[in-house]
Amino acid sequence: MSGKPWGGRFSQKTEKIVEEFTSSIGTDKRLYSQDIEGSIAHCRMLLKASIITKKEASLMINGLTKIRKDIESGRFKYNDSLEDIHMHIEARLAEDIGKVALKLHTARSRNDQVALDVRMYLRDEVRCIIKGIAALRKVIVDLAGKHTGTIMPGYTHLQKAQPVLFAHHLMAYYEMFSRDAERMRDCFGRINVMPLGSAALAGTTYPVDRAFTAELLGFPMVSANSMDSVSSRDFIIEFIASASICMVHFSRISEELVIWSSNEFGFIELTDAFATGSSIMPQKKNPDIPEIVRGKSGRVFGDLISMLTIMKSLPLAYNRDMQEDKRAMFDAADTLKACIEIYIKMLPEIIIKKDAMLRASSGGFLNATDFADYLVTKGMTFRDAHSCAGKAVAFALGEKKELHELSIAEMKSFSPLFSEDVFNLLTPVSMINRRKSFGGTATKNVLSAIRKANKDIDKEMKSGKQGVKVQRHKGESRTSDIGHRISKRKKP
Ligand code: ARG
């Protein structure tokens, strides 16, 4: 006999190396809390469905509660021969309360149990990430609010293009992170579905009340197909995909902070508390935080590829390959949370060098478009105006001047349409404030974008957020009621 809970048909003892290789306890012990909470709910459901007695239920619930305490105080002993967190807890319960513990697994399989645990775990992580992103968006909006008068060059192809408000540039990231939060909220709805009661793959012969278990665990709905319940991990893939997109945004802002803090740009400096030095070059102050965040984006993309590849081509239903899902899920969530947290702390610590930004905005022909637009307002076609401005740029380059440094006589040599009023249009402030099209960088627009962002964040924070849509199955009336009740209780 193998001595395992599943060892009935086995006559040999499992090889030690097999135990070590198949064990996932090192990773899935993080699910202990969800596993215990899920088991207690399952126990209550078994009692309600008269599958176990009141005495048995209370023995198990007390035992599980004690195990939670032992794990949290560090007294719990782990052992590879018990494979995973589910078997550890069950075995320990049997040690503590005797044979009755073995009734806990009635109408349940580790396949639906682990699906429940990861959904519960991820649900909490996504709630936390949405809150974190809201705090980050607030930090960005606050910084933008301080820089509605700070002018910088806007770039395309990393070549200076047109002047913009630094606040406008920052608010672009506000938009990106807001969409990231939306994506998280959206995937939350698909995570928040209760799989227990699907058993190994086909459902169970016991008269389980899945809606009751869902209600106890705060799920607004139960899964509709037992095979899908135990074998799908698209909710994890979706989470890591959303996390990856958020990390793309982190990598972009990080790249900008690295570039801006270079000596060549000199747009920003990180305070000493948020930068690091070089062990050999005493003059160095390195932007390690944004660099590491930029690097960590690759790590989360790797988690996404792992998860996609683990799931690719798996036949229904549960396959042990899926045990490998947790590492990617934990890592993506941990990494994203760490990046959000450090950015919330670091962004307010950036020293913005307004003068350098303005200086960079005043040279490099950033007003060439406005120079051409001026001619258009005087009746020239844009194509002709573009070519005329191009010739003026070439001439000014030869003279080592900017366009606004040309004399009116020089300008007139390119077109008689020029007169003195052109100079007013060529300053960065005028260029910015004339870009009043909705979403453009005009100060008025940026101020109202900031006002709206502040209002939106306040509203989200007050409502505890965040309008998660509850999806229900037709004919699943009990769960619908639960959905209604639960949606008032705990939202992400
Ligand atoms: N440790 C397993 C996992 O994470 C639990 C489910 C195992 N199920 C089984 N039939 N061996 O996926």
Side-chain angles (χ1 to χ4, degrees), residues 2-10 12-15 17-39 41-42 64 67 71 76 78-94 102 104-125 191 193-204 223 226-237 239-240 303 306-334:
S2 77
K4 306 281 184 203
W6 40 254
R9 63 158 288 176
F10 289 78
Q12 279 181 315
K13 222 173 156 304
T14 318
E15 283 285 349
I17 189 172
V18 175
E19 285 184 346
E20 280 166 11
F21 187 75
T22 55
S23 163
S24 58
I25 188 64
T27 309
D28 62 28
K29 61 181 169 193
R30 284 178 71 164
L31 296 173
Y32 81 89
S33 176
Q34 290 73 18
D35 200 70
I36 290 175
E37 200 185 335
S39 288
H42 181 63
L64 287 163
I67 293 174
I71 293 177
F76 193 88
Y78 298 100
N79 174 353
D80 272 342
S81 72
L82 287 170
E83 275 185 37
D84 55 27
I85 189 66
H86 326 295
M87 302 229 297
H88 271 79
I89 291 173
E90 193 186 320
R92 174 61 190 278
L93 191 64
L102 307 180
L104 180 60
H105 217 49
T106 314
R108 186 172 78 167
S109 147
R110 272 188 297 157
N111 299 352
D112 58 347
Q113 187 178 357
V114 74
L116 173 71
D117 292 2
V118 289
R119 283 177 184 272
M120 287 172 70
Y121 186 91
L122 199 52
R123 204 167 62 153
D124 289 347
E125 291 295 76
I191 296 167
V193 178
M194 210 291 296
L196 210 62
S198 304
L201 78 162
T204 172
S223 55
S226 59
M227 296 182 79
D228 175 50
S229 310
V230 294
S231 67
S232 290
R233 295 293 184 267
D234 49 323
F235 65 95
I236 301 183
I237 296 177
F239 163 70
I240 307 183
D303 294 330
S306 296
M307 206 51 221
L308 287 167
T309 318
I310 289 165
M311 295 308 295
K312 181 186 172 294
S313 311
L314 282 190
L316 296 190
Y318 179 83
N319 297 272
R320 192 69 181 272
D321 314 43
M322 285 153 70
Q323 176 164 294
E324 296 297 319
D325 61 356
K326 284 159 222 67
R327 194 210 57 79
M329 175 182 83
F330 291 147
D331 189 66
D334 292 348

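Each ligand, and each atom within it, is numbered from 1 in the order the structure gives.
- Atom CE of Met311 is separated from atom CG of Asn319 by 8.0 Å, given to the nearest 0.5 angstrom.
- The distance criterion of under 3.5 Å between nitrogen or oxygen atoms is met by Asn111 with respect to ligand 1.
- Near Ser24, the atoms of ligand 1 lying under 4.0 angstrom from a non-hydrogen atom of the residue are 1 (N).
- Aromatic pair Tyr32/Phe76: ring centres not closer than 6.0 Å.
- Only the side chain of Lys326 comes within 4.0 Å of ligand 1, judged by heavy-atom distances.
- A salt bridge is absent between Lys29 and Asp84; no separation between the charged side-chain nitrogens and carboxylate oxygens falls under 4.0 Å.
- Of the protein's heavy atoms, Tyr318 OH, 2.3 Å lies nearest to atom 12 (O) of ligand 1.
- The aromatic rings of His88 and Tyr78 sit tilted, their planes meeting at an angle between 30° and 60°.
- The protein heavy atom nearest to atom 11 (N) of ligand 1 is Arg110 NH2, 3.5 Å.
- Of all the atoms in ligand 1, the ones that sit under 4.0 Å from a non-hydrogen atom of Asp84 are 1 (N), 2 (C), 5 (C).
- Partner Arg110 forms a side chain to side chain donor-acceptor pair (under 3.5 Å) with one of Glu90, His105, Glu83, His86 and no other, that one being Glu83.
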